[in-house]
There are 2 protein chains.
Amino acid sequence: MGYGIVLRTLGIILLGEAALMVPSWLMALYYKENDANAFAVAILASLFIGVCSFLIKPKKQIVGYREGVMIVSFGWILASAFGAIPFFLSGTFNSFIDAFFETASGFTTTGASVMTNIEIQPHGILFWRSFTHWLGGMGILVFTLAILPALGISTIQIFKAESPGPNPERLVPRVAQTAKILYSIYFVISLIEIILLRLAGMSFFDSFTHTFATMGTGGFSTKNASVAGFNSALIEWIIIVFMFLAGANFSLYYGVIKGKIKTLFKDTEFRFYCGIIFGSIVLIAISIRELYGFDWVKIIRDSTFQTLTIITTTGFATVDYDKWPEFTKMIMFLLMFVGGCSGSTGGSIKCIRILLMFKFVKREFHKLLHPKSVMPIRIGNSTVPWEIMRNVVGLVLLYAIIFVSVSLVLLTQGMDIMSSTSATIACLGNVGPGFAMVGPAMNYAALTDLSKVLLSFCMILGRLEVYTVLVLFVPVFWRD
Amino acid sequence: MGYGIVLRTLGIILLGEAALMVPSWLMALYYKENDANAFAVAILASLFIGVCSFLIKPKKQIVGYREGVMIVSFGWILASAFGAIPFFLSGTFNSFIDAFFETASGFTTTGASVMTNIEIQPHGILFWRSFTHWLGGMGILVFTLAILPALGISTIQIFKAESPGPNPERLVPRVAQTAKILYSIYFVISLIEIILLRLAGMSFFDSFTHTFATMGTGGFSTKNASVAGFNSALIEWIIIVFMFLAGANFSLYYGVIKGKIKTLFKDTEFRFYCGIIFGSIVLIAISIRELYGFDWVKIIRDSTFQTLTIITTTGFATVDYDKWPEFTKMIMFLLMFVGGCSGSTGGSIKCIRILLMFKFVKREFHKLLHPKSVMPIRIGNSTVPWEIMRNVVGLVLLYAIIFVSVSLVLLTQGMDIMSSTSATIACLGNVGPGFAMVGPAMNYAALTDLSKVLLSFCMILGRLEVYTVLVLFVPVFWRD
């Protein structure tokens with residue numbers, strides 16, 4: 001095992017984090033608020049530990065599967081731990097567990113919050129809080145679309161299976177090159193959103209922070225009432241559009257830039273994503289029509305916003321959907337399990353896997369009537385290999401096992417069934433808000449420390465596609 | 001398609017049902033209650049339609065896969081429809097939908113009831129109601145252990161995969177012979193329970209009816225308060241033992257009779273079944289200890305009874321578990337999805353499939369670290385073929401899809417999430433009681449007609465292992 005290279009790379013991550021905290025520190029200095037010293041200490045701590053780790057001379061230079069897994073898993077945990085320092089030292093949270101929860105929620109683009117009064121916080125803290133979303137979103141794009149394929153892991157194989165025709169659409173194979181293209185796309189879309197939100201009447205500060213939260217499908221807002229606090233239909237529609245974009249596969253945009261707009265509509269997962277969104281909006285709209293006194297303009301806006309905020313796993317709020325009819329709540333609950341497309345910043349199980357589950361069941365039916373026939377499962381023009389199918393089924397089952405186990409633990413901590421199950425999927429799927437005790441008008445502050453630690457772990461587990469983290473707990477992993 | 005042979009066999013089923021209604025009719029005559037005429041009409045109607053169908057001369061004499069599926073599915077529906085006549089004509093229910101729901105609930109051994117006051121009903125009606133459980137239980141044993149294997153369908157293949165060593169334990173292959181052995185085992189165990197319940201102080205009438213409900217893992221009682229109405233710890237413990245027996249694989253008893261008691265403890269599914277039961281009792285006992293003021297005798301009895309009544313999908317009540325802590329309710333909710341062993345009268349997904357799901361996930365982990373290795377999934381000494389594994393995964397996914405879809409429909413009928421989801425699994429898994437609106441102290445009477453029809457369908461769907469019924473909806477099935 002190349003522990004040296006792992007430590008060295010983790011050092012680089014910390015050095016990067018130190019640099020990325022600088023804008024928040026400058027903002028703290030500019031606004032002359034009480035959080036500047038907290039950032040200074042956090043930057044110095046990250047720099048010091050980062051440099052120490054970086055100076056390690058690794059014996060082995062190659063990053064294999066196991067080293068990759070360790071770097072990604074520990075990288076996310078370390079970044080959350082050091083990123084929590086400003087929250088803790090500035091007095092935003094009295095408990096380091098709360099500070100860690102909030103930062104892990106930021107980096108994993110979950111958006112579950114333990115902050116009870118957001119609007120009294122200094123600008124530097126709020127900027128850093130939202131910025132973690134944007135960094136986490138970028139990190140996950142590079143992880144799923146550049147690092148995983150380089151390690152030869154399955155997520156990308158789904159993505160490869162997707163590519164139609166003889167000319168595979170996968171991004172330029174080399175990690176660095178791929179990462180660069182992704183950064184650029186992510187950066188440009190973010191820039192457009194910032195400009196549009198500013199034009200729609202948001203301050204520059206709010207435009208930046210809300211763009212960070214939208215593009216990372218995170219969900220932290222600078223208002224206690226979340227996006228509802230701006231009271232602007234235009235802002236809501238802009239955010240709807242960008243949530244939709246952030247929840248789709250970013251490699252498709254590469255195709256669009258190259259002029260192949262058709263590939264967008266040929267993409268099976270993208271069509272499935274659009275289909276679920278459309279269907280959910282219609283069902284929710286019908287279900288809430290009486291509650292809204294048949295005000296269809298508001299019905300459509302609210303049902304569209306809530307559908308997208310949940311399916312993309314963003315978690316912004318414009319209404320307290322916990323007060324909606326039970327049927328609507330069930331739809332929202334189910335959407336939490338779906339999540340965005342593969343290769344997006346969205347979390348949860350992902351559209352492609354849900355689609356494959358349906359295809360799997362359909363195939364079994366045909367097998368009953370034609371037991372001898374060979375019936376491969378197809379996505380677009382490609383056949384999905386059985387190894388991939390098994391991996392997908394395994395992940396979904398594993399998701400179910402973790403979901404049930406964590407919910408049970410939360411129930412022992414005094415939560416009711418709706419709160420515990422929704423909190424679990426909201427964190428595991430990186431959604432943010434759930435129902436009841438953790439509904440959109442509530443937050444995670446009232447939970448016990450054990451619950452917060454467990455849910456922080458779930459966020460990281462969910463963000464890294466479960467296997468990547470859990471494999472660390474298999475003893476064989478550590479044997480040389 | 002051999003429609004002739006299908007109709008003729010359905011005729012035989014109706015003739016059998018007519019004969020099986022005779023004891024209830026005699027009881028009605030003996031007690032001189034107002035239900036005798038209702039039974040007479042039902043018997044005559046079943047005889048008449050039965051004879052007409054029986055007289056059909058089939059062109060094709062062979063029962064293939066499709067004919068088998070039709071006979072079993074329509075047989076269960078027809079038996080429920082004709083069995084509902086006494087309930088309807090005697091005035092027990094004013095709506096035929098209610099009568100059908102109650103009878104389908106009986107034959108599928110579900111035990112979900114729409115009867116609001118049980119104790120005022122005449123003896124004949126109550127006897128028939130419980131007798132349907134016993135007949136349904138016997139029917140399902142013959143279906144899963146004799147008919148399905150004869151048709152070469154998967155359930156039994158799991159069962160075959162289970163058999164250790166070179167001498168397969170599957171029952172004597174010919175359907176009639178197998179059925180005869182099963183009848184005998186079922187009959188003898190029932191007889192023992194009747195005697196024990198009588199000795200414990202129940203009336204003969206109650207001993208019979210409660211044995212019917214236990215052995216079929218049904219759950220109908222003759223008391224409004226269910227088994228709690230007898231207020232006897234001894235009776236509860238007797239029923240606990242027989243619920244446990246009814247939830248295990250009946251073919252194991254054949255081995256035990258032949259002197260191979262060891263096979264019982266070598267059986268992987270049986271051990272898994274015992275393990276889940278033990279674990280659940282412990283967790284529930286700990287969870288309710290404060291509520292019970294640390295009265296451990298009562299804690300152990302109640303937690304054991306509730307665990308067995310749910311996992312075996314019987315559904316008797318001794319306490320209103322809907323008032324138990326949320327953690328306990330979640331455990332009970334999960335047990336509803338587990339169900340008994342394959343080859344038992346219990347319903348739901350079944351222990352063997354749940355076990356295989358865990359093995360599937362475990363295998364995927366090892367695959368991550370050893371991608372090249374071949375790792376078959378084993379049960380005991382046998383390898384589970386991939387076709388079986390796929391069938392099992394498909395069934396579990398299908399279960400999830402039906403569960404979600406039906407729950408959504410029930411939500412449009414004015415139910416809340418706990419009520420609708422628990423009602424769905426309680427009917428689909430043939431459990432009986434759920435939570436909230438359909439909790440153990442409530443019943444299904446208040447539901448809308450649409451909900452009752454849909455849930456009746458779910459009971460039959462669940463009882464016949466889903467595929468057997470749903471395949472009728474695949475257009476290809478009907479093409480020659």
Side-chain angles (χ1 to χ4, degrees), chain A residues 65-66 69 152-154 283 287 325-331 333-334 357-358 360-371 386-387 389-391 393-398 400-401 404 407-421 435 467-468 470-471 473-474 476-477 479, chain B residues 65-66 69 152-154 283 287 325-331 333-334 357-358 360-371 386-387 389-391 393-398 400-401 404 407-421 435 467-468 470-471 473-474 476-477 479:
Chain A
Y65 171 70
R66 295 194 295 178
V69 164
I153 297 173
S154 72
L283 288 176
S287 158
E326 294 276 299
F327 175 83
T328 325
K329 281 159 75 172
M330 183 81 176
I331 297 276
F333 200 84
L334 294 171
M357 296 290 102
F358 279 108
F360 189 97
V361 170
K362 198 179 155 197
R363 179 185 174 279
E364 278 309 305
F365 263 104
H366 284 278
K367 269 279 180 193
L368 279 181
L369 295 166
H370 305 288
W386 276 112
E387 272 309 316
M389 201 61 227
R390 285 213 276 258
N391 182 286
V393 169
L395 188 107
V396 171
L397 292 176
L398 196 55
I401 294 171
V404 165
S407 298
L408 281 174
V409 176
L410 295 186
L411 283 168
T412 67
Q413 304 293 302
M415 292 175 90
D416 60 289
I417 292 180
M418 271 307 268
S419 303
S420 69
T421 52
F435 292 97
Y467 286 129
T468 320
L470 282 191
V471 80
F473 293 87
V474 179
V476 182
F477 181 90
R479 267 179 233 147
Chain B
Y65 171 70
R66 295 194 295 178
V69 164
I153 298 171
S154 71
L283 288 175
S287 159
E326 294 277 300
F327 174 81
T328 325
K329 281 158 74 173
M330 183 80 174
I331 296 277
F333 200 82
L334 294 171
M357 296 291 101
F358 280 107
F360 190 98
V361 170
K362 198 179 156 197
R363 180 185 173 279
E364 278 310 304
F365 264 105
H366 284 276
K367 269 277 180 193
L368 280 180
L369 295 166
H370 306 286
W386 276 112
E387 272 309 314
M389 201 62 225
R390 285 212 278 259
N391 183 287
V393 169
L395 188 107
V396 172
L397 292 175
L398 196 55
I401 294 171
V404 164
S407 297
L408 281 174
V409 176
L410 295 186
L411 283 168
T412 67
Q413 303 292 304
M415 290 175 91
D416 61 288
I417 291 181
M418 271 306 267
S419 303
S420 70
T421 52
F435 292 98
Y467 286 130
T468 320
L470 282 190
V471 81
F473 292 88
V474 179
V476 181
F477 181 88
R479 267 178 233 147

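Numbers restart at 1 for each chain; the letters A, B, ... are given by sequence-line order, proteins then strands. All of these numbers come straight from a predicted model, not from anything done at the bench.
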As an exercise, state the distance from [atom1] of [X] to [atom2] of [Y], rounded to the nearest 0.5 Å.
| X | Y | atom1 | atom2 | value |
| --- | --- | --- | --- | --- |
| A:Met330 | B:Asp416 | CE | CG | 11.5 Å |
| B:Leu410 | A:Phe327 | CG | CZ | 11.0 Å |
| A:Ile401 | B:Phe358 | CD1 | CZ | 4.5 Å |
| A:Arg479 | B:Leu369 | CZ | CG | 10.0 Å |

Requested in this report: Under 4.5 Å, counting heavy-atom pairs only, tell me which of B:Leu408, B:Leu398, B:Val474 racks up the most with chain A.
Outcome: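 Going by pairs under 4.5 Å, I would pick B:Leu408.
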Query raised in the report: Which residue out of B:Pro325, B:Gly394, B:Ser287 racks up the most heavy-atom pairs below 4.5 Å with chain A?
Result: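 It is B:Gly394.
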Do [X] and [Y] come within less than 4.5 Å of each other through their side chains, counting heavy atoms only?
| X | Y | answer |
| --- | --- | --- |
| A:Met389 | B:Arg390 | no |
| A:Leu411 | B:Lys329 | no |
| B:Glu387 | A:Lys367 | yes |
| A:Phe365 | B:Tyr467 | yes |

Report summary line: Looking only at A:Leu283, A:Leu397, A:Leu334, most heavy-atom pairs under 4.5 Å shared with chain B are made by A:Leu397
Report summary line: All heavy atoms of A:Ile417 vs all of B:Glu326, minimum pair found to be N-OE1, 2.6 Å
Query - With B:Glu364 via salt bridge (Lys or Arg N to Asp or Glu O under 4.0 Å) - residues at least two apart - result: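 Partners of B:Glu364 by the salt bridge (Lys or Arg N to Asp or Glu O under 4.0 Å) criterion come out as none, since no residue qualifies.
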Report task. Sort A:Ser420 into side chain, backbone, both or neither according to what part of it lies under 4.5 angstrom from a heavy atom of chain B. Result -> neither
Query raised in the report: Relative to chain A, which segment of B:Val361 carries a heavy atom at a distance below 4.5 Å: side chain, backbone, both, or neither?
Result: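 Interface part for B:Val361: side chain.
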